[in-house]
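Letters go in sequence order (proteins before strands), and every chain restarts at 1. Treat the numbers as computed from the prediction; the structure is a model and nothing was measured.
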Number of protein chains: 2
Amino acid sequence: MTETGPDEAVPGESFGGVTPDAARRLLLAAVEAFAERGFHATTTRDIASRAGMSPAALYIHYRTKEELLYHISRVGHERTVCLLTAAEQSGHSVTERLDGAVRDFVRWHAAHHTTARVVQYELAALGAEHYAEIVTMRRRTEEVLRGLLADGVSAGEFTVPDIPGTAVAVLSLCIDVARWFRTDGPRTPEEIGALYAALVLRMVGGEPREADYQ
Amino acid sequence: MTETGPDEAVPGESFGGVTPDAARRLLLAAVEAFAERGFHATTTRDIASRAGMSPAALYIHYRTKEELLYHISRVGHERTVCLLTAAEQSGHSVTERLDGAVRDFVRWHAAHHTTARVVQYELAALGAEHYAEIVTMRRRTEEVLRGLLADGVSAGEFTVPDIPGTAVAVLSLCIDVARWFRTDGPRTPEEIGALYAALVLRMVGGEPREADYQ
DNA sequence: GTCTATAGGCGGATAGAC
DNA sequence: GTCTATCCGCCTATAGAC
């Protein structure tokens, strides 16, 4: 597993290392607010008050509201790229590697749906330079997935006529979990990860491993 | 086909019947602006100026900015529910009906990605009553898809251990097309529709109809 | 580092002429 | 039905005390 600890389900698990304490609390508050209302509808007053501070305190730790979004987006993207590359390098067969990649990626998007919503759906609010930097990280994500599909085809484990198109579809399927997942829904992040891994193996014409799917 | 005419690729094809002309122009302008910048980041001045009017003219045709979003959302949801129910009632086998449903639904989300982005991603900006009304229409969408999957299993054409979970995944895959589709990308809406129909048939353990996929 | 106070500007919506 | 002008509130960001 690539989890970091028991507080994995907490929205801000990824920001544990941020100091000072006030800066971290502001990040967590911003994640919640951006996820609930969107970047533009969120006021700096709202963020500060959720963090138990005055509006002005925000500007001691961050130059602008956009810089908060950038930090959230950057940490989130680092995390997802990390998850995927870890899965890419472990596992005995390509089938196991793809299964693990989808499983972990989906589980993260469900367990951290609050953070993931900001990471995946508020990109357009980033400034031009920050946006360009994040886009580069997203390209890397797509490359990893395309590589996995190509390896599976080479190994004779998958049948994928259109590798780029299928890679986009698989990523898209997984990312969208952040949009619809609700904590009070019928499934745990682990269950959704298992379901999606099975569905994706079917999409690529792989061995179903139906034991997990039933 | 369920298309309405040659201007199918135009963002506002669905608003052709809106009168007077100024009200339709405002709707089209709002779709563009909301899709580009999001509801909250869009100003009524921006919408009005795109429609070639003064800021005040907007309030002759719509009571609030939110009412514009509601109209867009309502027409868009009517259209997608319509697409799905049409596919549900045509076709000889369940495989053909699901193939058609995914193909048409995806094609619409690609061809009308501007409208679709607003329809699918700006829901949270709706007022409470309007939101509730739209949610009802979205439930209907999910029911249609669950019905198709259940019919396919009954007919022995599909193998779907988890019908509700798979229905959510299929819809989710299709909806997310609106997020990533670019007109200048390598694929046409038709091609993506065909690819996704094939991928979904694989997901449900159906006959691949690989002829379309190759 | 955090506060109170406020500058400075923008945005939704309205009034009233034409 | 459309315009110009404007109200009034809210928002980001800063100034300056402690």
**Charged N-O contact under 4.0 Å between B/Glu78 and B/Arg74** =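 Yes, this pair counts.
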Rounded distance [0.5 Å steps], [atom1] in [X] versus [atom2] in [Y]:
X	Y	atom1	atom2	answer
A/Leu148	A/Thr95	CG	OG1	10.5 Å
A/Arg117	A/Phe34	CZ	CZ	15.0 Å
B/Phe105	B/Ile175	CZ	CD1	5.0 Å

Nucleic acid contacts of residues 47-57 of chain A, taken as heavy-atom distances under 4.0 Å to DNA chain C: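 Residues of residues 47-57 of chain A that come under 4.0 Å of DNA chain C are, in numerical order, A/Met53, A/Ser54, A/Ala56, A/Ala57.
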Rounded to whole angstrom units, what separation is found between the [atom1] atom of [X] and the [atom2] atom of [N]?
X	N	atom1	atom2	value
B/Leu58	C/dA13	CG	C1'	10 Å
A/Arg37	D/dC10	CZ	C1'	12 Å
B/Leu26	D/dT2	CG	P	9 Å
A/Ile60	D/dA17	CD1	C1'	13 Å

Residue [X] excluded, over 12 heavy atoms near [atom1] under 6.0 Å:
X	atom1	answer
B/Glu129	CD	no
A/Arg37	CZ	no
A/Arg187	CZ	yes

Enumerate the residue pairs fulfilling side chain to side chain donor-acceptor pair (under 3.5 Å) with a member in residues 54-63 of chain B, sequence neighbours excluded, ordered by first and then second residue.
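Every side chain to side chain donor-acceptor pair (under 3.5 Å) pair that includes a residue of residues 54-63 of chain B, provided the two are not neighbours, is B/Arg63-B/Glu67.
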Please produce a list of atom pairs where a protein N or O lies less than 3.5 Å from an N or O of nucleotides 10-12 of chain C.
{"from": "C/dG12", "atom 1": "OP1", "to": "B/Thr42", "atom 2": "O", "distance (Å)": "3.1"}
{"from": "C/dG12", "atom 1": "OP1", "to": "B/Lys65", "atom 2": "NZ", "distance (Å)": "3.1"}
{"from": "C/dG12", "atom 1": "OP2", "to": "B/Thr44", "atom 2": "N", "distance (Å)": "2.7"}
{"from": "C/dG12", "atom 1": "OP2", "to": "B/Thr44", "atom 2": "OG1", "distance (Å)": "2.9"}
{"from": "C/dG12", "atom 1": "N7", "to": "B/Arg45", "atom 2": "NH1", "distance (Å)": "2.9"}
{"from": "C/dG12", "atom 1": "O6", "to": "B/Arg45", "atom 2": "NH2", "distance (Å)": "3.2"}

